[in-house]
Protein chains: 2
Amino acid sequence: MYSIGTLAKRTKVKVPTIRYYEEIGLLPEPERNTGGQRRYDNATKHRLNFVRHARDLGFSIEHIRSLLSLSERPDMPCAEAHRIAKAHLSDIQSKINALTLLADELVRISNHSEIGVLGECNVLASLADHAHCLTEH
Amino acid sequence: MYSIGTLAKRTKVKVPTIRYYEEIGLLPEPERNTGGQRRYDNATKHRLNFVRHARDLGFSIEHIRSLLSLSERPDMPCAEAHRIAKAHLSDIQSKINALTLLADELVRISNHSEIGVLGECNVLASLADHAHCLTEH
DNA sequence: TATAATTCCTCTAGTTACTAGAGGTTCAAG
DNA sequence: CTTGAACCTCTAGTAACTAGAGGAATTATA
């Protein structure tokens, strides 16, 4: 069991952000020591790491709540779990596609080794085209 | 040349968001018709699509400004372009890794076809582990 | 063991990136 | 030529943090 500051260091999530996640119910209310300070275990650290990564990947809090519900409820009926998993899959796959295109273009720029200028650059085109989107827009 | 409403429909970006992007300098100030209304061309549409996708992928506005600078300046020296490209690459590659792990786990859940309950679920573990992170944290 | 520095607490207010609404003007269909 | 939709600017609200004030608890140092 460790303090909020220690948890913050281990997860690279800021202390006020941890308290904020608790407030909105993304993290459970932790135990408190005799002085009233929060004490955390590794289960919370694990959960917080998930939240942090998911946020970095552009998922909304509500999105994350839904993903967490898959982990939270081992008693969840398959049909419900499948519905949630499928609802997220195509979105995630189009994110992977878009990132891959952008990465390819950045690799091309990085490998463009002549001293001089870049010439035409397709970074913008890599994400601007909708041809590779799986979502509805 | 078309209106802001048409641009909004074509890019799925809301009208006030387009005006906001203009205000913060992510989009150029567009031409205006005699009545003072904004008129857009496809170059702006292209740029806006890039911004929208990049935001969906969790990049900050400043991040996007830096990526756009690669496209904006065909006269940029290679060294500078390489620096920017490399600064973004490892971040993007770790995003791809994390998303792939999450997608794999969601596929596993989707294929788990017995009628009943889900049993143990590794959605949380898929993103909680730092083992696959390329970034420093 | 005293005391000083650090970290914690709650609460309020500020920031980023939008998003919605008020009040008024311009456009475009009939 | 009207009238309703779409546009304008400006202000205010929301989501997801982030920082700061004022004070209590903990930990490090003398």
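Here is how names work: the chains are called A, B, and so on, in the same order as the sequence lines, proteins then strands, and each is numbered from 1. This one's a predicted model, so the numbers in the text were calculated from it and none came from an experiment.
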Practice prompt. Round to the nearest Å and state the distance from A:I64 atom CD1 to D:dA16 atom P.
Written response: 9 Å
Worksheet item: To the nearest Å, how far apart are A:L7 CG and C:dC8 P?
Response: 10 Å
Worksheet item: Any ion pair linking B:R108 and B:D104 (charged N to carboxylate O, less than 4.0 Å)?
Response: no
Worksheet entry | Length of the CZ-C1' vector between A:R65 and D:dA16, whole Å | 12 Å
Worksheet item: So, B:S66 and B:S69: side-chain donor and acceptor under 3.5 Å apart, yes or no?
Response: no
Discussion item. Strictly below 4.0 Å: does B:R39 bring a side-chain N or O up to OP1 or OP2 of C:dT26?
Written reply: no
Fill in: Protein-nucleotide distance (B:R32, atom CZ; C:dT25, atom P), rounded to Å
16 Å
Worksheet item: Heavy-atom distance under 4.5 Å between the side chains of A:L68 and A:I64, does that happen here?
Response: yes
Discussion item. Check the orientation of B:H63 and B:H88. Use parallel for under 30°, tilted for 30 to 60°, and perpendicular for over 60°.
Written reply: tilted
Worksheet item: Rounding to a whole Å, what distance do you find between B:I4:CD1 and C:dT26:P?
Response: 17 Å
Fill in: cation_pi(A:R10, A:Y2) dist<6.0 Å, angle<=45
yes
Worksheet item: Closest to the A:S60 side chain: C:dC8, D:dC7, D:dA16?
Response: D:dA16
Practice prompt. Figure out the OH/P separation between B:Y40 and D:dA6, and round it to whole Å.
Written response: 16 Å
Worksheet entry | Nearest-angstrom distance from the residue atom CZ of B:R52 to C1' of C:dC18 | 14 Å
Please tabulate, for the side chains in residues 13-29 of chain B, all donor-acceptor contacts under 3.5 angstrom to protein atoms that are two or more places apart in sequence or on a different chain.
from: B:E22; atom 1: OE1; to: B:R38; atom 2: NE; distance (Å): 2.7

Atom pairs under 3.5 Å: protein N/O with N/O of nucleotides 17-23 of chain D:
from: D:dC17; atom 1: OP1; to: A:Y21; atom 2: OH; distance (Å): 3.3
from: D:dC17; atom 1: OP2; to: A:Y21; atom 2: OH; distance (Å): 2.9
from: D:dC17; atom 1: OP2; to: A:R55; atom 2: NE; distance (Å): 2.9
from: D:dT18; atom 1: OP2; to: A:T17; atom 2: OG1; distance (Å): 3.3

Item to complete: Starting from the 5' end of DNA chain D, give me the residue, B:S3 or A:Q37, whose nearest nucleotide shows up first.
Response: B:S3
Practice prompt. Look at B:R38 and D:dT9 and indicate whether a side-chain polar atom (N or O) is within less than 4.0 Å of OP1 or OP2.
Written response: yes
Discussion item. So, does A:N33 get its side chain near the phosphate of D:dA25, meaning an N or O under 4.0 Å from OP1 or OP2?
Written reply: no
Worksheet, complete the sentence: Here the distance between atom P of C:dC8 and atom NZ of A:K9, to the nearest Å, is 7 Å
Practice prompt. Check whether any side-chain heavy atom of A:N42 sits under 4.5 Å from a side-chain heavy atom of A:K45, and report yes or no.
Written response: yes
